[in-house]
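Chain identifiers are assigned alphabetically (A, B, ...) following the order of the sequence lines, protein sequences preceding nucleic acid strands; residue numbering begins at 1 within each chain.
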Amino acid sequence: MTHCRHFGLNTCYMDDIDAMFSDLLGEMDLLTQSLGVETLPPEPPSSSSKEMNFSMGFADMNVESLNELEENDLDALMADLMADLNDTEEKLGGQKEAEAPHTDLPPASHGFSFYPESSLSTPTSPERGPNTFSAPLADSPAPILSPPTLPQHAKLSMEEIEAQMKADKIKLALEKLKEAKVKKLVVKVVMHDGSSKTLMVDERQTVRDVLDNLFEKTHCDCNVDWSLSETNPELQLERGFEEHENLVDPLSAWTRDSENKVLFQERPDKYEVFKNPQNFYLWKKDKKTIKDMKDRDKELLVEENFCGTSIIVPDLEGVLYLREDGKKSWKQRLFLLRASGIYYVPKGKSKTSRDLVCFVQFDNVNVYYGKEFKNKYKAPTDFCFVLKHPQIQKESQYIKYLCCDDAWTMNLWVTGIRIAKYGKSLYENYKTSMKKAAITTAWTNRTAGTTSIPSTPSPTTKAKASGQANGHAPQPPAEPVAKVGNAPPPPPPMLPTQILPPPPPDPVLPPPPPPLANKKSPPATSVPRQLPSLPTSFPPSPTSMANLPPPPPSLSQDDSSESPPDFLPPPPPTLGFGPGAGSLPPPPPVSFLPPPPPDPGFPLPPPPPDPAFCPVTNRDSLPAPPPRQSNIGAGAPPPPPPPPSASAGLQSTPSVRRTGPPPPKRTTPPLAAPGGGDFMSELAKAMAKKRGNQ
Amino acid sequence: MGQNSHSPVLMAVWDLSVTVEDLGADAPPITVSVTSDLHIGGVILKLVEKSQVKRDWSDHALWWEQKQQWLLRTAWTLEKCGIQADAGLIFMAQHKSLRLGLPNGLTLRLRACFSGPVFRTVLGICKMLNIRRPEELSLLRPVEEKKRKKDKDLSEELHDLTEVPLTSVSRPCLYNGMPAHFADSLQTEKVYKMLSVSQPAPAPEAIAKLYRPASVVDKAHIHSRWLDSSRSLMQQGVQQNDRLWLRFKYYCFHDLEPKYDVVRLTQMYEQARWAILLEDIDCTEEEMLLFGAIQYHINKLSLTEPQTMTSSPAMDDLDSALQGLEVKLDGAESSPQDMLENLTAPELNDYLKIFRPKRLTLKGYKQYWFKFKDASISYYKSKEESLGEPIQQINLKGCEAAPDVNVAGQKFCIKLLIPAPEGMNEVYLRCENEEQYSRWMAACRLASKGKSLADRLFQSEVQSILSFLAMQQTNPNTHTDDSMSINTHSLVSPRYSKKYKVKQLTPRILEAYQNVAQLSLTDALLRFLQIWQALPDFGISFVVVRFKGSRKDEVLGIAPNRLIRIDLGVGDVVKTWRYNNMRQWNVNWDIRQVAIEFDGNVNMAFSCVTADCKIVHEFIGGYIFMSTRSREQSDTLNEELFHKLTGGHEAL
């Protein structure tokens, strides 16, 4: 509250709107900084203040069953969290600079990204917490209510500038207010190999953003087929998210006890329509014509149907089976697809437009693939699709079930419906994906080409590590890894744009000997998986790619054609956090590990969990776990994740080991669905529980 | 005439008599003495001298009535032209006035070129009307309307543009947002407004009276009316003051840019609107209702919105930011924390009645105190208890809100379908009166789209709901605001006017209207065009043909990218050929047959039944010409290529 009062005083004395706004922004920035920095410093202030800050910043975050998240998840999460904060701040800062380069910025706005020391010096008072964001709000109206002044002086350029500055500041203030309300979810994504990753996703992030994030965290080839999809085991449904969708929206519809999952996998059906448009637009033609289609003609088809003033929907028509409401029978009807919806031809009527009866329009429904409906609903075939409101999660009369004769027809309809529903966005998404894939391929190819000589990995790695300003989720230095003998590959040299982390150590395969690990393990794990899907575009040698810096020209080119960092959601820790960067949360290999085996009796490698925590407690900066526990129970003060100092980074060996035996019991739904609870306290509980167990 | 005596008699001198149109129909022809080596320019010079009329003759030229051709090459000699003494020549203006029916149904009188090929004539007309991409339009003879009311025909309103000089500037400079040549007089300004703003909805009776094609064959007959682009109006028997229609002929609209294409966009919309109202193109009931809703929206905006085609998004942003802050200020006394929560939300509070059909209690409507806030509705036993926990809170995001209203019966219900994990929950809210209903309905509509009451749309939403309610009033005299009250029957084709009463139709159009209510005028026009273009039958021009080897008439559909063979009996598409597989096409002008060869040795040939094969030839060549445009980005029109592709034997 001290803070609020302080601010109120300011307003009383200041007539100048301008000054007031600078002040306001300054205050807000300080707060944001203190928020961000808190997780970093090796010597955090008293735990109580930390807790307050966390609960403030993320009060909107809905998290469920955090207790059951694995340790490495928590670590990964913290990394996300940090990146998230930085992202926001950078964005705000960048925006502001871009908009008003001529104005003198309130110093604080620079502060958060470039001057870490200022943030360190910021005193944080615990009470500030929940009120900080509303405080400026209470005072900001005053200047804004006197806008009549703006138009009057509009003609004078000086005053125009001032007005512009004011406007910018208002914008910035609003931006920050919004920021405080952003909803975030913790999402567990099941990877194609069955392992999982936990990500923090905020409501502004599109599926594309999240995919980019995952591209960074995995070593996949970034081809256009990679997609996120949701499954609903109860209804036996599956749907690939479209890349322009906000991920949080559909996930918010999941129920608390949902067993739904988010999958990260390759879906060839995703953009098939752009690769082979004739399959959809000329489906009536004979098979041979379709097969022999020339590339130029395919391009023309795409152009015709997606580049005109209006998107053309494939004119599908055919007999499908419709599941009768409430009954177990399936009835045949002649359906037609139009841009405005699916129609059927009533008995005894013609196919003319005016006789058609509307079966469903697409405004409020999504289309899903049905899985094994033959069993579940006695469908004539297993090639079913479903139309339902995204909110509906359980059996209901409002779900529409359709069944096709074959997979081909089903694919035709589902794609047709997606074109009708999403229109141009679908094509835009595809183009973005293509660019992304092209950049990645180009880069990897080029690097692979230039690195014919197996250079010694360590120097390059080091060189990279120093220039790793943008690297997300910083990797631990290679040495500790080698010590373990388990040989997860060293972190690849990170570049701002193309971040291809090394493949995860595959626990199933026997780990290669340490010295070789750097070179050989990546191809060993990744190639078999990726070859089938995209043999041509896969870089010949991921190893060399990981070891050598990419040729500078390629980098600049890539940057000019596209600038991924702009939409990479969680930007990496900035230079400002220099000392902290090395000590940031968990080495990726940890989170790369597959989920625990279902059988709790046989955790993978033997190392007992206890030693893992020794180093943690050793970090004297951290409060010792046991006492913490009682605190948590009382007021749920969330301790930040072990903020390892630079030296702690070297100690991370145990953390690698720790991953071996993951907690056996885990029935967690992958998503932290909108549930009660403040994220941080849940987090704290989870950590405490973990420690308690061990 | 002493000329003969002192000119050297190398050539025989003979008399050529020429009718000068401007002297009047009864005036005798003027006779000039000429020799066969005199060039046309010389003849004109003599003619003008002899007529003794002082005026600007520069637009005049000789028309050879007998041969139906213009003598435009002034350097050619009479001999070269093949003119002899018996040639009945007429000396007349090349530009004559024409009554031009526009896509919006109104008629202009303007001066058009009667001597150049129609393609050129259309270019000139479009330049004057400020329509870009004139190659997409052409002229056709109007459908003769049954003259039931002759008096009406006489009173047809003409918008006169004959005084407007024909500009030669390629892109006219703008003055007050309109081309300078329209800014000359108030009257022409009015005409420009008529061109660039969509027309109010016609009366349902007027729609019913207009000609509607009843079958594919009827539609095919319309396409037999297109004029030949390679010949002049005079050559095609068009007389001064005749009536012609200007229409978009090729349905591939290149480079549509609302900023420059105000007239083009408006007329395109009008053509689309009439195509739908007159059932020239088929659509489903749902589509018709959506078309109706967008028309309503466009009508409304055209009446209220001055022509501001551009607005700066940055200012909008700031506006909304300021508004947002003002909203927050309203609750300045409340604690800062509350204000944060209220970041966007004023509230609605009222006693309403609720009915949930699915509940076991069949008690019907029950009254509670309702609070609308942040896209959700909460209700309490009474106003006094509204500080405590609500009985229930309903989040409306993603819901469907439909009216269940009977104005005459004073029933104002909102039917809500609220999605939940288990399915959709049905809830009815009953309001006391129109005013209350419109506010709650507007709130529900916005909430269903995830918007809050603070949204700027709220007030306009309330207004439009009120005006829709007014439409349902049984007594039309109660209307206060005439402009807002549109008979919804004038928004749909006669088929649906017959099928539904106004009070059935109106709520359904209102329902569709919700999805478009927030569109700007330009966006609404574009949306209408998009939905039109997404119709399966869009852009198909029909011609009745007889395929080689077939004994019955069939229909050939000519679309922007393909040809379609349609069985007349069943109406089914039998076969499709795409232009990009086309190797070549030939027209045998003697037997009037079109033969086309496609990749893979696919050949087809047909003779035309309803339309001249020149029309079919021109359609195919025209579409191929249109498809070449996108690749060469230049703005200049390759007229030569057009004629090469569409001209036929006359042009070569």
Honestly, the part of A:E395 sitting under 4.5 Å from a heavy atom of chain B is backbone
Does a side chain donor of either B:K397 or B:S376 reach within less than 3.5 Å of an acceptor in the other side chain?
no
Which region of A:K388, side chain (C-beta onward) or backbone (N, CA, C, O), has a non-hydrogen atom less than 4.5 Å from a non-hydrogen atom of chain B, or is it both or neither?
neither
Which atom names give the shortest non-hydrogen contact between B:C252 and B:E136, and what distance separates them?
O-OE2, 3.0 Å
Quick check: does any side chain N or O of B:D572 sit under 3.5 Å from a backbone N or O of B:V574, one acting as donor and the other as acceptor?
no
If you count heavy-atom pairs within less than 4.5 Å of chain A, which of B:P419, B:G398, B:P536, B:A534 leads?
B:P419
Side chain, backbone, both or neither: which part of A:K284 has a non-hydrogen atom closer than 4.5 Å to chain B?
neither
At under 4.5 Å between heavy atoms, what parts of residues 336-344 of chain A are in contact with chain B? List them by residue number.
A:R338, A:A339, A:S340, A:Y343
Measure from NZ or CZ of A:K424 to the centre of the six-membered ring of A:F306 and say whether it is under 6.0 Å with the direction within 45° of the ring axis.
no
Proximity breakdown for B:F538 and chain A, heavy-atom pairs closer than 4.5 Å:
neither
State whether a side-chain donor-acceptor pair under 3.5 Å links A:W254 with A:E230.
yes
With distance as the sole criterion, is a donor-acceptor pair present between the side chains of A:Q393 and A:T255 under 3.5 Å?
no
Looking at B:Y500, I'd like to know if the NZ or CZ of B:R508 sits under 6.0 Å from its six-membered ring centre while staying within 45 degrees of the ring's axis.
yes
Out of B:G423, B:P560, B:P421, which one racks up the most heavy-atom pairs below 4.5 Å with chain A?
B:P421
Identify which of A:R354, A:K294, A:K285 forms the greatest number of heavy-atom pairs closer than 4.5 Å to chain B.
A:R354
Note: vs chain A, highest number of non-hydrogen pairs under 4.5 angstrom among B:E285, B:K575, B:R495 is B:R495
Between the side chain of A:Q278 and the main-chain N/O of A:I290, is any donor-acceptor distance below 3.5 Å?
yes
Thinking salt bridges, do B:D599 and B:R578 make one under a 4.0 Å N-O criterion?
no
Need one label for A:D297: side chain, backbone, both or neither, based on atoms under 4.5 Å from any heavy atom in chain B.
both
Part of A:D249 lying under 4.5 Å from any heavy atom of chain B:
side chain
Residue from A:S396, A:S310, A:S350, A:G423 scoring the most non-hydrogen pairs under 4.5 Å with chain B is A:S310
Output all residues satisfying ring-ring contact (aromatic ring centres under 6.0 Å, His included) with B:F542, sequence neighbours left out; order by chain, then residue number.
none
Around atom CG of B:N601, are there more than 12 heavy atoms from other residues, nucleotides or ligands closer than 6.0 Å?
no
Heavy-atom proximity to chain A below 4.5 Å, by part of B:L526:
neither
Residue pair B:S448 / B:E400, side-chain donor-acceptor N/O under 3.5 Å
no
A:D355, part contacting chain B, at a heavy-atom distance under 4.5 Å:
neither
